[in-house]
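Data block below; observations after.
Note that the structure is predicted; figures quoted are calculated from it, not measured. We use all heavy atoms of the structure for the numbers below, so side chains are in, but hydrogens, waters and symmetry mates are not.
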Amino acid sequence: MKHSRLLLITLTALSLTLGQSAAAIEVSAPEAPFSFAPLQMYDFPQKDFPITRYGARKGDAVATMKAFEKAMAACNKAGGGRVVVPEGEWLTGKIHFRSNCQLFLSEGAVLVFEDKPELYLPAVHSSWEGTECMNYSPLIYAYECENVGIAGPGTIAPKMEFWRGWFARPQAHIQATRQLYAMCSTGIPVEHRHMEEGEANMRPHLIQFNRCTNVNLDGFKIRESPFWTIHLYLCKDAWVHNLDVYAHGHNNDGIDIEMTSHAIVEDCVFDQGDDAVVIKSGRNQDAWRLATPTEDIVIRRCTVVQGHCLLGIGSEMAGGVRRVYMHDCHLSDAAYRLFYLKTNHRRGGFIEDITMENVTGKSVKNVFEIDTDILYQWREIVPTFETAITRIRNIRLINADCEQAEAIYRINGDSRDPVQGVLLRNIHVGKVTGYINESVYARDVVTENIVWDNFESSQAGFTLNGFAPAI
């Protein structure tokens, strides 16, 4: 018995010496309408690696970028800990993670990313709107890491003057998207899809965790983003909590959860120029190749100030989306939709077992919408290489209250595989200004206690004071 106890103590001491967490942080979601095992989040060792120790200098983006690289390497080699950004404004280029490292933003720390594309080269394995490619590095990037995260009360605030010049879609960008779409559709290997070359103008993500396990994002603020703001891509086990996110530029989704499983997003505020909380699973042939559905996602107690939707599924969802539960969330200003499922005849895949419950909103175009014919600009830009219809089953909106809406619900299914199994229960709208509902190619749509106080027909269409146009 003494030998066994001595062995246990020795192993524990060795574990702590190597920087491994003595105990995981458990995060559960017993309220989910599907089986959701508690998250076992890595507890970062109490060892700090301040960037000033490794040569960071205020106002010097290159020196600070190199300091991050050295600090991440030292933290990883020591078995894990925190790479600390002290108080003050720190100009930098890209930050790349190592396993077992937490980027910690101290009180009063502002991480300012220089908007010079050359600082985000060489190209890394990334994606553009659901299609894999080689592109400029996300400003904060982790690839095939485990036990990584960002925490602290500080702020991430990239410079935006240069990136705003890429918000438009000039002809060179359109041609590059055509080429990328064709490469995806014909199976060209990702390493040959270089989108950083020429004038493709494909902006980098602000934060991307790519093929990572155990991701913890806690407590920091974001102010603006070149492209998608937070992107969890092909990840497992993620906890996103207590964030304050503002980004009102083009394609500024709040958080995109793509081909990712087992995640909780809670107690966050999103104020976006595009969708707020978005569930995706890749585009067309790339998603079919990767064959990784997004599943087992819980979103709770979040507030969206403004955005294109409170919860969006798609339109890049060809790998399939299932078992998503959003509850007790609130739209404090305006959005085009409260709950929006979108796909098209090129996607295939499936959307099933999605529930939104106990949500409130101020002003929306549609409270609930399913549209199977969303192609945006791609309808005319690129051809259909292969037709594949999305299966949509078991979608539920329960207990929703909205002050004003143009319409309560709209379902635009596909005749080749109609939407099946929709429950809309206890939905209240104060004022409806357009129509109550439209539904085509949908079966087993059950509506219970859908009520509105006033119907006041209005010729004025719904508008949103964000960057992107109404769609």
Side-chain angles (χ1 to χ4, degrees), residues 120-138 141 143-144 166 169-205 208-211 226-228 231-235 250-251 253 256-260 274-275 278-294 312-321 342-351 372-391 414:
Y120 306 95
L121 293 173
V124 300
H125 191 153
S126 187
S127 70
W128 176 263
E129 295 182 336
T131 304
E132 292 210 297
C133 62
M134 305 299 293
N135 196 21
Y136 293 100
S137 170
Y141 179 67
Y143 186 79
E144 293 185 340
W166 284 9
R169 294 184 183 271
Q171 190 56 42
H173 171 79
I174 297 299
Q175 183 57 30
T177 59
R178 284 195 187 103
Q179 292 172 349
L180 181 57
Y181 178 84
M183 286 188 281
C184 166
S185 302
T186 56
I188 300 299
V190 176
E191 58 267 27
H192 298 311
R193 306 177 191 177
H194 278 269
M195 293 295 108
E196 85 286 8
E197 297 174 351
E199 298 180 12
N201 290 9
M202 291 187 180
R203 291 159 281 131
H205 303 73
Q208 185 187 74
F209 290 89
N210 189 325
R211 293 168 167 83
F227 181 52
W228 290 357
H231 189 200
L232 300 178
Y233 186 71
L234 286 161
C235 291
H250 195 47
N251 304 114
D253 294 350
D256 292 272
I257 301 172
E258 184 167 18
M259 288 184 282
T260 286
D274 210 304
D275 295 342
V278 199
I279 311 298
K280 297 180 180 288
S281 64
R283 181 190 295 266
N284 306 6
Q285 287 82 358
D286 260 7
W288 306 339
R289 168 178 58 85
L290 291 164
T292 306
T294 297
I313 311 292
S315 68
E316 301 87 4
M317 43 57 56
V321 176
K342 45 186 173 175
T343 184
N344 62 61
H345 65 268
R346 301 171 182 174
R347 294 287 188 260
F350 56 85
I351 304 174
T372 60
D373 189 32
I374 291 295
L375 276 163
Y376 301 118
Q377 71 275 12
W378 308 107
R379 189 183 303 277
E380 305 300 331
I381 292 175
V382 293
T384 298
F385 276 74
E386 185 174 351
T387 294
I389 308 306
T390 303
R391 184 178 75 251
D414 192 300

| said: Taking M259's backbone N and O only, do any of them form a donor-acceptor pair with T294's side chain (distance below 3.5 Å, no angle check)? | reply: yes
| message | Testing the basics here: between G319 and A287, what is the closest heavy-atom pair and its distance to 0.1 Å? | response | N-CB, 3.4 Å
| Can you list the residues that meet the side-chain hydrogen bond (donor to acceptor under 3.5 Å, both in side chains) rule with R379, with sequence neighbours excluded? | D373
| query | Looking at side-chain heavy atoms only, is the closest gap between R203 and W228 below 4.5 Å? | reply | no
| message | Under 4.0 Å between a side-chain nitrogen and a carboxylate oxygen: does that hold for K280 and D275? | response | no
| message | Could you measure the distance from the CD1 atom of I174 to the CZ atom of R169? Nearest 0.5 Å is fine. | response | 6.0 Å
| Nearest-0.5 Å distance, CZ of residue F350 to OG of residue S281 | 7.5 Å
| request: Examine distances only and state if a side-chain atom of D286 and a backbone atom of E132 form a donor-acceptor pair shorter than 3.5 Å. | output: yes
| said: Less than 4.5 Å apart, side chain to side chain, heavy atoms only: is that true for R289 and V190? | reply: yes
| request: Can you measure from CD (E199) to CD (Q171) and round to the nearest 0.5 angstrom? | output: 11.5 Å
| Below 4.5 Å, heavy atoms only, C-beta onward: do E144 and H125 meet side chain to side chain? | no
| task | Report yes if some heavy atom in the side chain of Q208 is under 4.5 Å from a heavy atom in the side chain of V124; otherwise report no. | result | no
| request: Ignoring hydrogens and angles, tell me if any N or O in the side chain of R347 forms a donor-acceptor pair with the backbone of G314 under 3.5 Å. | output: no
| field | Within 6.0 Å of CD in E380, more than 12 heavy atoms from elsewhere | value | no
| query | Could you state the interatomic distance from CD1 (I257) to CD1 (I279), rounded to the nearest 0.5 Å? | reply | 4.0 Å
| task | Could you tell me which non-hydrogen atom of K342 sits nearest to which non-hydrogen atom of M317, and how far apart they are? | result | O-CG, 3.9 Å
| task | Report the C-alpha distance between H192 and M183 in whole Å, list the side-chain angles of each, state the deciding distance to 0.1 Å, and finish with yes or no for side chain to side chain contact (heavy atoms under 4.5 Å, CB included). | result | CA-CA 9 Å; H192 298 311; M183 286 188 281; 5.7 Å; no
| request: Kindly state whether the ring of Y120 and the ring of Y141 have centres lying under 6.0 angstrom apart. | output: no
| request: Determine the minimum heavy-atom distance between P204 and P138, stating which atoms define it. | output: CB-CA, 4.1 Å
| query | Do S126 and H205 come close enough that some side-chain heavy atom pair is under 4.5 Å? | reply | yes
| query | Under 4.5 Å between any side-chain heavy atoms of Q285 and F385, yes or no? | reply | yes
| field | Expected output: side-chain N135 to main-chain M202 donor-acceptor under 3.5 Å | value | yes
| task | Indicate the atoms forming the closest heavy-atom contact of T292 with L290, along with that distance. | result | OG1-O, 2.8 Å
| Between the side chain of T390 and the main-chain N/O of G348, is any donor-acceptor distance below 3.5 Å? | yes
| task | Taking the side chain as every heavy atom from C-beta outward, state whether N210 and S127 have any pair of such atoms under 4.5 Å apart. | result | no
| field | Check: W166 ring centroid to F227 ring centroid under 6.0 Å | value | no
| note | CG (N284) and CD (E386) are apart, to the nearest 0.5 Å, by 9.0 Å
| message | Among T384, T372, D414, which residue satisfies the side chain to side chain donor-acceptor pair (under 3.5 Å) criterion with H345? | response | T384
| said: With heavy-atom distances below 4.5 Å as the criterion, would you say the side chains of H231 and F209 are in contact? | reply: no
| Straight-line distance of E316 CD to I313 CD1, nearest 0.5 Å | 12.5 Å
| Listed partners of D256 passing salt bridge (charged side-chain N to carboxylate O under 4.0 Å, His left out), at least two apart | none
| message | Treating T260 as the side-chain partner and L232 as the backbone partner, does any N or O pair qualify as donor plus acceptor under 3.5 Å? | response | yes
| message | Within the supplied structure, the quantity of interest is the number of heavy atoms (other residues, nucleotides, ligands) at a distance under 6.0 Å from Q175 CD; does it exceed 12? | response | yes
| task | May I ask you to check if R346 and W378 form a cation-pi contact, with NZ or CZ under 6.0 angstrom from the six-membered ring centre and within 45° of the axis? | result | no
| Shortest non-hydrogen separation from E196 to Y136 and the atoms involved | O-OH, 3.4 Å
